[in-house]
J.: 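Pasting a structure here, questions to come.
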Amino acid sequence: MSQPVLHFALVGNPNCGKTALFNCLTGAKAKVANYAGVTVEKRSGPLAGLSRPAELIDLPGTYSLYVASPDEQVARRVILGEMAGEVRPDVLVAVIDATNIKLGLRLVLELKALGLPMVLVLNLADAARSRGINIRTELLAERLGMPVVETVAVRKSGVGDLQAALRSLAASVQTRTGNLSLPERSEAVESVYARIDALLAECVDAPEFTPRWQDKLDALVMHPVLGVAILAAILLLMFQAVFAWAAPVMDGIEALVGWLGEQVGALLPAGILHDFVVDGLIAGMGSVLVFLPQIIILFAFILALEDSGYLPRAAFLLDRMMRGVGLSGRSFIPLLSSFACAVPGIMSTRSIANPRERLVTIMTAPLMTCSARLPVYALVIGAFIPHRTVWGLFNLQGLTLFCLYIAGIASAALVAWITRKQQGEGNSFPLLLELPNYRWPNLYHFLVGLKERAWIFLSRVGTVILALSIVLWFLATFPHAPEDATLPAIEYSFAGMLGKLIQPLFEPLGFNWQMCIALIPAMAAREVAVSTLATVYAVSGGEDALGSSLAHSWSVPVALAYLAWFVYAPQCLSTIAVVRRETNSVRATLIFTGYLFALAYVAALLVRQLSAIWL
Ligand SMILES: Nc1nc2c(ncn2[C@@H]2O[C@H](COP(=O)(O)OP(=O)(O)OP(=O)(O)O)[C@@H](O)[C@H]2O)c(=O)[nH]1
Ligand SMILES: [Mg+2]
C-alpha cells in the first residue's frame, strides 16, 4: 500500500522569504519580491527527497493567528484545516526573518501551541550576519523543542540542512486528519513578549543596530515633497530609458525583420503565397516583435524596484494622496501589478477587505498602463513625436510616454474620487505596512523575472498576434479589387468594407478607416492594433517602415487622439472577463466597459480638438 502524502506548510511573517524557500525546495518559480503581501493565495508543490511522498504549501505571510486580515486568514484557515477542500498540514515549517527575530517568535510560539510537529527556519541569515547578529541555534532549538536551521534562501545556502531536518521529521510523523482548534489565548500579550525577551537574551547576541544610511534614505524618499520628486524622477528615468536604450536593438530587430521579408520574398514566386508570408506573417508579427527590447527595459526597472524595498515606501508616500480619493495604500499592490497586466492586478484585489474600496480598485485598475499598451504607444510616439531634447535634459519621446502613464494614474484618481463623492465615505483603516530593509536586487530573481516577461511577450506574438495577423491578412486581401478599380485594392476588401462601416462612428475623432479596423482585433490584445496597422499598410503597398507610413497618412492631432483612446478604452476581453468573475455582477461589468469606452471617446475627442487648436 502506498503511504499517504505528508503535508508541510511554510508559515511566517510577510516578506521573510517563504516563497524563496518554497522555490528552493520544490524547484518552482513563484514570485518573490521585497514587500509584504506578494503571496496572496496558497500554492503547493511536491517536496522531493523524503522517504515518502510529500507536498509543500506556501502560504501568505501572517503576523499572528489571532488577528488577521483576509489574506492572513488564508494562512490561519489552512493551518487549522478549516479551508474547504484542503488537507490540514502535518508539519509546520515556520520561517523567521533572522534580522527581526522578535516579531517572528511571537508567531512561532502561537504555532507551537497548536502541537503540530515543527521545524524553525532562520532565513536571511546573511543579512543577520552582516549586522552582527549572532544566534545560538542549538540552544534556541533546545529551548523551543524543535529543530532550528539557518538559511539564505536566495543563495540556496542551508537548504541542505533544512532538507535533512524535513527528512528526519518525515520519518517519524504520522498523518492525521481532522481540524485543529485555536487554543484560547491564555496569556497576556505582555507576558508573551516577556517570554520572548528572555529567550532572546539567552540565545541571541544582537548589537543595537539599525543601519544609519537606511534611516537617512527613508527620511529622504518618504519626505512629502522630496519623496514625490524622487518618485517622479525614477519614473522619468524609466521612460527615458525605454526609448533611449532600446533604440539600437530595435533598429537591429527591424533590420532583421526587413531582411527576412526580403529573403523570403525573393524565394517565393510572386503571388498570393508570397503576399501572405511577407505582408501577413512577417509584417504582422515583426511589427510587434520590434518592441521586445522596450518591454524588457520596462520590466528591468519594475523588477529591480520590486526587489529593492522601495515600493512599500512609495505606497506609504502615496497613501495620503490615495486616501484623499477614497483609496488607501492597500490598493497600491493591485494597482501596481496592473502596470504589467490588469488581470492579475484585479485578482489581487481579493486582499482588500472593504468591498467598496475593492470595487473602486477593480474599476480603476485598467487605467494603469499595462505592458500591452507599450507597443501601441511606442509606435505612435516614434512616428509623431520628434526625437528631441527638451529643457536640456529630457528626451521628448520619453516625456510623452511619461505623460501617458501619468494621464492614466490621474484619471484613476479622479474616477475614485468621483465614486467616493457619490457613495459616501467608507470606513478607512490606517495603512499598516511593514517597511522592509533596502536590499540590492537579487540577480537570479531579476533574470528569472525578465526571462518570464520576455517569454510572456513572445508567446503572445506567437499565438494571438500570429493568429490575428493571418485573419487580418485574409480580410485585407479578399475579395480582390474589380478589373476597373480606381481605388487601391484594399479599399474593396472585407477589411476595407468593415473599416468604412464603423468609421462614421469615429469620424469626430478623426480616425481613418485603417485606424478603425485596428481597433477591432485589438479587443483580443492591444498590441494587435500594431500588427493590424502593419498588415493593412503593407497590403496597401507601403514600402516604408510602418512608422513612416503612419507619419504620412495621419495628422498629429489625430495621432494624439489615438493615443488618448488607448489610455482609456477597455480594449481587452480578458480584463472584462476577469471583472465579470471577480465582481460576479453583469451590471458592474457593463458599467465598467461602458464608462471606459465613454471616457476613451471623450478624451480622444478633446485631445483632437485641443491639439488642433494649439499645434
Ligand atoms: N539577502 C537575502 N534576501 C532574501 C533571502 N530570502 C529572501 N530574500 C529576499 O526577501 C524578499 C522577500 O522574499 P519572498 O520569498 O517574496 O518572501 P515571502 O515570505 O514569500 O513574502 P510574502 O509572500 O509577501 O509573505 C525578496 O526580496 C527576496 O529576494 C535571504 O536569505 N537573504
Ligand atoms: Mg511569498
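Read the numbers this way: they start at 1 and go in the same order the structure lists the ligands and their atoms. Residues take their numbers from the sequence shown, with the count starting at 1.
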J.: What atoms of ligand 1 come closer than 4.0 angstrom to any heavy atom of G61?
T.: 25 (O)

J.: Would one find an N, O or S atom of T19, in either backbone or side chain, under 2.8 Å from the Mg ion (ligand 2)?
T.: yes

J.: Quick one about R106 and N13 (side-chain donor to acceptor, distance below 3.5 Å, no hydrogens or angles considered), yes or no?
T.: no

J.: Can you confirm if the NZ or CZ of K156 lies within 45° of the ring axis of Y444 and under 6.0 Å from the centre of its six-membered ring?
T.: yes

J.: Counting only heavy atoms, tell me which of K18, R439, E150 gets closest to atom 9 (C) of ligand 1.
T.: R439

J.: Report yes or no: do R313 and Y438 form a side-chain donor-acceptor pair below 3.5 Å?
T.: yes

J.: What atoms of ligand 1 come closer than 4.0 angstrom to any heavy atom of A20?
T.: 7 (C), 15 (O)

J.: Specify side chain, backbone, both or neither for A153, according to which of its non-hydrogen atoms lie closer than 4.0 Å to ligand 1.
T.: both

J.: Number the atoms of ligand 1 from 1 as they appear, then name those within less than 4.0 Å of a heavy atom of V152, with their elements.
T.: 30 (C), 31 (O), 32 (N)

J.: Geometry only, no angles: is G17 polar-contacting ligand 1 at N/O separations under 3.5 Å?
T.: yes

J.: Within the structure provided, determine whether V108 and M118 are in side-chain contact (heavy-atom separation under 4.5 Å).
T.: yes

J.: Which atoms of ligand 1 sit under 4.0 Å from any heavy atom of N123?
T.: 5 (C), 6 (N), 7 (C), 31 (O)

J.: Ignoring hydrogens and angles, state whether a donor on the side chain of E110 or S64 is under 3.5 Å from an acceptor on the partner side chain.
T.: yes

J.: Can you tell me how far apart CG (L235) and CD (Q240) are? Round to the nearest 0.5 Å.
T.: 11.5 Å

J.: Quick check on contacts: which atoms of ligand 1 are under 4.0 angstrom from a heavy atom of H445?
T.: 29 (O)

J.: Would you call the rings of F402 and F239 parallel, tilted or perpendicular if under 30° counts as parallel and over 60° as perpendicular?
T.: tilted

J.: Going by distance only, is there an N or O of C16 that falls short of 3.5 Å from an N or O of ligand 1?
T.: yes

J.: Return a yes/no value for L124: is any of its N or O atoms, backbone included, closer than 3.5 angstrom to an N or O of ligand 1?
T.: yes

J.: Using heavy-atom distances only, which candidate in L10, N15, L21 approaches atom 22 (P) of ligand 1 most closely?
T.: N15

J.: Please determine whether salt bridge (charged side-chain N to carboxylate O under 4.0 Å, His left out) holds for the pair E452 and K29, giving the CA-CA distance in whole Å, both sets of side-chain angles, and the decisive distance to 0.1 Å.
T.: CA-CA 10 Å; E452 202 168 294; K29 289 199 168 57; over 6 Å; no

J.: Given 3.5 Å as the limit, does a donor-acceptor pair link the side chain of S338 with the main chain of P334, or not?
T.: yes

J.: Please state which part of D126 comes within less than 4.0 Å of ligand 1, counting heavy atoms only: side chain, backbone, both or neither.
T.: side chain

